[in-house]
Novice: 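Here it is, the structure, as structure tokens.
Side chains included, hydrogens not; waters and symmetry mates left out as well; all remaining heavy atoms used. Both ligands and their constituent atoms are indexed starting at 1 by order of listing. In what follows, residues are counted from 1 in the order of the sequence shown.
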Amino acid sequence: MTKLSAPYFTNEDAAREYLEKLRWPHGTVCPHCGTVGKAYATKRPGKYRCAEKECRKDFTVKVGTVFEDSKIPLHKWLLAAYLLCSSKKGMSSHQLHRTLEITYKSAWFMTHRIREAMKTGTFSPMGGPGQIVEADETEITPSRKTWKATRAKRGDNMRFVALVERGGSVRSRVIDERGMGQVRAAVRHNLAPGTILHTDSAQGYKGLMPIGQHEAVNHSKQFARDSNNGKVYTNSAEGYFSLFKRGLVGTYQHIGEQHLSRYLAEFDFRMNHRVKLGFDDMARTDKALLGIEGKRLTYRRINQAQAV
Ligand SMILES: [Zn+2]
């Protein structure tokens, strides 16, 4: 049996049971009053009634998640999350539309919701005393159509900055203004005290860090150099940029500026839950599924368009 024919990817009830185990490791959680492990199963599979005297309300595991108002069966949501989490360069809405046999519109909706779920809400600082974080920025040329719609007046490309812990996590941020102000802000807001910053020799990085905590390499002269703070290079950040750009070319041909942050969240998410850091495809999928809940991700708030 291949992974893709697992029951929770092919059967609605199995998918629901899978999600119940994942979301409720200590028993049912009533979404109305928060009571844990005190609910009766009703005759309808997956429907529970809160046993708390003051509450007594019905619920399912979907309440409060993006799945609640969706007509797409749960096992297709799980499979979509898995496919998006397990392919290195992502999966386009077109591919998903064909693979899951759902409309393109539904597939588009799902991929963007899953990407939202991949944005982690709270961030701990990156780096730490003596640890190296690389920072670098890059540009993307939008498709002609997108360019016309959004960028023609300004005439510049989409830009983003990536902060990459050497051997650790990645954090990318869209830069939507000229200059280095947002890049500097990203570095300031995300690095833990004592972190060593490695960059190219761009002026914008100067004076950002306390003395002795910034090393720059001049790329017009060399790719890397030795220093007291380890080998100075930005290869990890550049490697990440090229992975992202290959993903764009191969998978997401038309990326709109308004969606760039979601695509970055997707690529960051996969990097931050990669095999080397202890996550296999399914563990990564579980993480994404757990992100599909909470107020920040309510269906109505993200989606001003129609239900699918
Ligand atoms: Zn309750």
Novice: Check E68 with K62, please: is the shortest side-chain N to carboxylate O separation under 4.0 Å?
Specialist: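 Salt bridge between K62 and E68, a charged N being under 4.0 Å from a carboxylate O: no.
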
Novice: Decide ring-ring contact (aromatic ring centres under 6.0 Å, His included) for F9 and W77; before the verdict, give the C-alpha distance in whole Å, the side-chain angles of both, and the deciding distance to 0.1 Å.
Specialist: CA-CA 8 Å; F9 288 148; W77 273 104; over 10 Å; no

Novice: Output, by chain and residue number, all protein N/O/S atoms separated from the Zn ion (ligand 1) by less than 2.8 Å.
Specialist: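 Result, waters dropped: C30 SG, C33 SG, C50 SG, C55 SG.
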
Novice: If the condition is side chain to side chain donor-acceptor pair (under 3.5 Å), which residues does K57 pass it with, not counting sequence neighbours?
Specialist: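 K57 satisfies side chain to side chain donor-acceptor pair (under 3.5 Å) with no residue once adjacent residues are dropped.
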
Novice: Examine Y263 together with F244 and report whether their ring centres are nearer than 6.0 Å.
Specialist: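 No, too far apart.
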
Novice: Side chain to side chain donor-acceptor pair (under 3.5 Å) for T234 and D200? Distances and angles first, verdict last.
Specialist: CA-CA 7 Å; T234 56; D200 62 22; 6.0 Å; no

Novice: Taking NZ, NE, NH1 and NH2 as the nitrogens, is one of them in E116 or R113 under 4.0 Å from a carboxylate oxygen of the other?
Specialist: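 Judged by the 4.0 Å cut-off on N to carboxylate O distance, E116 and R113 do not form a salt bridge.
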
